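Notes to accompany the following structure.
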Number of protein chains: 2
Amino acid sequence: MRIGVLGAGQLGRMLALAGYPLAKEFVFYDLSGSPSVGLGEVIVDRDGSYLEDFLSRVDRVTYEFEHLPVEVAEKLAQHKPVHPCPRALQVCQNREAEKTLFGQLGIPTAEWRIADSAKSLKAAAEELGCPVVAKSNTEGYDGKGQAVLKDPAEAEQAWASIGHPRLIVEKFVNFKREVSIIAVRGEDGHVAFYPMAENTHHEGILRYSIAPAPGLAPDVQKEAETHIKALLNELNYVGVLTLELFETEGSLVANEMAPRVHNSGHWSIEGAMTSQFENHIRAVSGHALGSTEARGVSCMINIIGEHGDIERILELPYAHVHLYNKGERRGRKLGHINILADSYEELVWRVRNCVQFLPGSPEFTSSLTTRG
Amino acid sequence: MRIGVLGAGQLGRMLALAGYPLAKEFVFYDLSGSPSVGLGEVIVDRDGSYLEDFLSRVDRVTYEFEHLPVEVAEKLAQHKPVHPCPRALQVCQNREAEKTLFGQLGIPTAEWRIADSAKSLKAAAEELGCPVVAKSNTEGYDGKGQAVLKDPAEAEQAWASIGHPRLIVEKFVNFKREVSIIAVRGEDGHVAFYPMAENTHHEGILRYSIAPAPGLAPDVQKEAETHIKALLNELNYVGVLTLELFETEGSLVANEMAPRVHNSGHWSIEGAMTSQFENHIRAVSGHALGSTEARGVSCMINIIGEHGDIERILELPYAHVHLYNKGERRGRKLGHINILADSYEELVWRVRNCVQFLPGSPEFTSSLTTRG
């Protein structure tokens with residue numbers, strides 16, 4: 001079976017690495033003109049003229065990023081199975097649609113309003129009570145196109161800085177930590193859940209994911225599973241879906257979802273019985289899903305901007321290095337390291353030991369470390 | 001770094017899958033005209049006319065099979081680092097040279113003689129005492145070119161059936177089981193050892209490998225490590241080396257070595273902290289070696305000849321499927337399945353459960369099962 005992947009970055013690369021052992025072949029369709037997948041055939045197509053060619057050569061289509069035109073996915077779906085479905089894309093590209101769907105399915109979110117002017121932004125901030133977070137309704141990712149308002153008076157400036165005609169304004173959530181749940185749904189409707197991860201961001205970019213999330217109450221995992229299962233079934237979704245959440249005192253608040261394998265699931269390559277990448281390929285291909293059970297405890301460390309001393313990291317017996325073969329650039333995801341351990345105590349020690357060889361990395365903070 | 005691989009079969013494929021996450025790129029040089037690697041660039045070259053082209057595009061050279069002409073490896077070594085060294089190839093292609101080296105290094109073997117005629121084969125069988133195993137001195141693998149003599153009188157017939165001008169004749173070893181040790185040596189001379197595997201053959205083809213070998217005395221592992229380390233250092237070897245041995249009452253007897261990643265080490269993909277494939281790439285590239293520690297207990301089951309019911313096997317939560325994307329053919333290695341468990345008892349149950357979906361497989365026998 002040949003799988004067509006829309007996008008040709010590191011996620012596509014890791015999907016292929018997981019798919020080859022299942023006898024899959026891959027064709028990547030790149031719209032950006034800068035593929036980094038580094039293996040398999042890549043069709044670079046800036047104007048859509050090779051779309052038919054791409055289609056004729058694949059049995060199934062999937063994607064590795066959600067910022068591709070929904071029309072493209074819909075057009076493809078008329079000819080070949082596209083997983084996840086174009087509707088999932090559509091929802092994820094529009095925060096208002098996403099939050100509305102969450103609400104319909106009983107998934108708690110921060111209270112929110114829509115603003116289409118500086119004036120209505122100010123009004124929303126007043127209604128919700130500051131601090132609020134204003135985000136462009138479409139096209140935002142990795143913390144871009146966002147502003148925090150500590151006072152309604154900052155509305156004019158925030159509106160100008162975001163520069164988008166339609167914003168979603170959310171009441172600030174007083175959270176204990178950021179978490180995510182990754183689940184996979186097969187063609188037959190069967191669903192499997194990964195243990196939740198605890199995520200640490202820095203400058204809007206994910207830096208550390210610990211899985212299973214330390215000290216997580218079983219009912220919180222169950223709650224997240226209920227939420228993501230509702231989404232999967234509502235969308236008749238096939239493949240891996242990620243739901244990012246805030247854990248507050250006693251509850252979960254949904255932030256956003258991503259219709260794909262996710263950075264906070266990279267730990268699963270060595271840290272789970274079946275990686276998120278293999279499970280996505282299994283689902284998209286119509287196979288049974290693999291076990292999502294964790295193997296010990298893991299921490300994924302992103303390599304951002306510069307590689308650091310990879311040679312020293314390769315010497316660490318508990319570190320698994322995953323490089324994307326990309327050039328260094330500020331803020332760019334160049335790879336990640338999965339640290340494995342049998343206990344969280346051991347994990348903290350190992351992560352700290354590894355991070356010393358990544359000069360660009362922020363200090364390792366998590367619920368396992370003492371802050372400040 | 002771009003690594004050139006001589007050969008383009010499943011071992012090359014798995015080397016590449018392990019090497020991409022370390023930012024390696026691959027070019028395969030295929031002499032057989034039937035590459036099955038399925039990813040990366042393949043140069044098919046039956047007459048050596050593209051050898052220079054291949055050389056110009058790679059930084060290091062390695063190989064996935066030992067039946068390539070030593071002259072080719074030597075020629076390449078004049079221009080680019082070739083790991084393992086051509087001398088290792090030379091030794092492995094000649095059973096007499098191999099056994100002689102074993103003897104020089106104090107590695108026990110079965111008693112052996114050389115025969116270059118039916119008459120000298122008969123004499124050897126009489127001297128050693130039957131049963132003896134006669135093997136073509138060069139070019140044999142997977143049980144081909146071999147004959148067992150139960151009586152010296154069978155010499156004429158055995159000589160004719162093997163049809164080779166020079167044979168090695170070995171006294172039959174009364175072994176408890178077949179085992180192997182895989183080790184890797186870095187460019188800096190550092191050596192790491194995998195836990196030994198117990199191997200079960202059927203019709204001359206490996207069927208099952210269990211690792212760590214059940215019930216193995218620690219001093220037997222140490223003994224094997226001493227032997228393989230002697231070989232690695234003598235050959236100034238860089239990369240993965242495999243030594244196949246017989247375990248007898250109280251000791252080890254070396255059978256043969258393979259200068260490459262080995263079928264009896266495929267369990268290491270999920271069953272060890274670092275797979276044999278990744279460690280070979282690390283060694284060949286000049287990196288530090290990764291941990292060879294086992295993760296639980298594993299059994300590798302080869303898929304031979306026909307695929308069986310892969311869909312059902314994908315449903316087993318403890319099975320990891322590795323397909324080579326090859327067509328079915330009697331006796332052909334099409335893939336393997338790694339079964340993981342926390343105990344040997346659990347492992348036996350799981351392997352038996354899996355094997356029912358592989359109709360071509362012989363019954364699972366090992367030191368863990370009751371025979372006959």
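Worth saying up front: this structure is predicted, and the values here are computed from it rather than measured. Throughout, a chain's letter reflects where its sequence line sits, starting with A, and its residues are numbered from 1.
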Non-hydrogen atoms of chain A under 4.5 Å away: do they reach the side chain of [X], the backbone, both or neither?
{"X": "B/Leu316", "result": "neither"}
{"X": "B/Glu25", "result": "side chain"}
{"X": "B/Glu293", "result": "neither"}
{"X": "B/Ala319", "result": "backbone"}
{"X": "B/Arg282", "result": "side chain"}

Are there over 12 heavy-atom neighbours, none belonging to B/Glu328, within less than 6.0 Å of that residue's CD? yes
Verify, without hydrogens or angle tests, whether A/Asp59 (side chain) and A/Arg2 (backbone) share a donor-acceptor contact under 3.5 angstrom. yes
Interface moiety of [X] toward chain B, non-hydrogen atoms closer than 4.5 Å:
{"X": "A/Arg13", "result": "side chain"}
{"X": "A/Glu270", "result": "both"}
{"X": "A/Leu289", "result": "backbone"}

Looking only at side chains, do B/Asn263 and B/Lys333 share a donor and an acceptor under 3.5 Å apart? yes
Only one of B/Val42, B/Thr62, B/Leu17, B/Ile281 passes side-chain contact (heavy atoms from CB on, under 4.5 Å) with B/Phe26; say which it is. B/Ile281
Identify the residue among A/His322, A/Gln276, A/His320, A/His336 that makes a side-chain hydrogen bond (donor to acceptor under 3.5 Å, both in side chains) with A/His266. A/Gln276
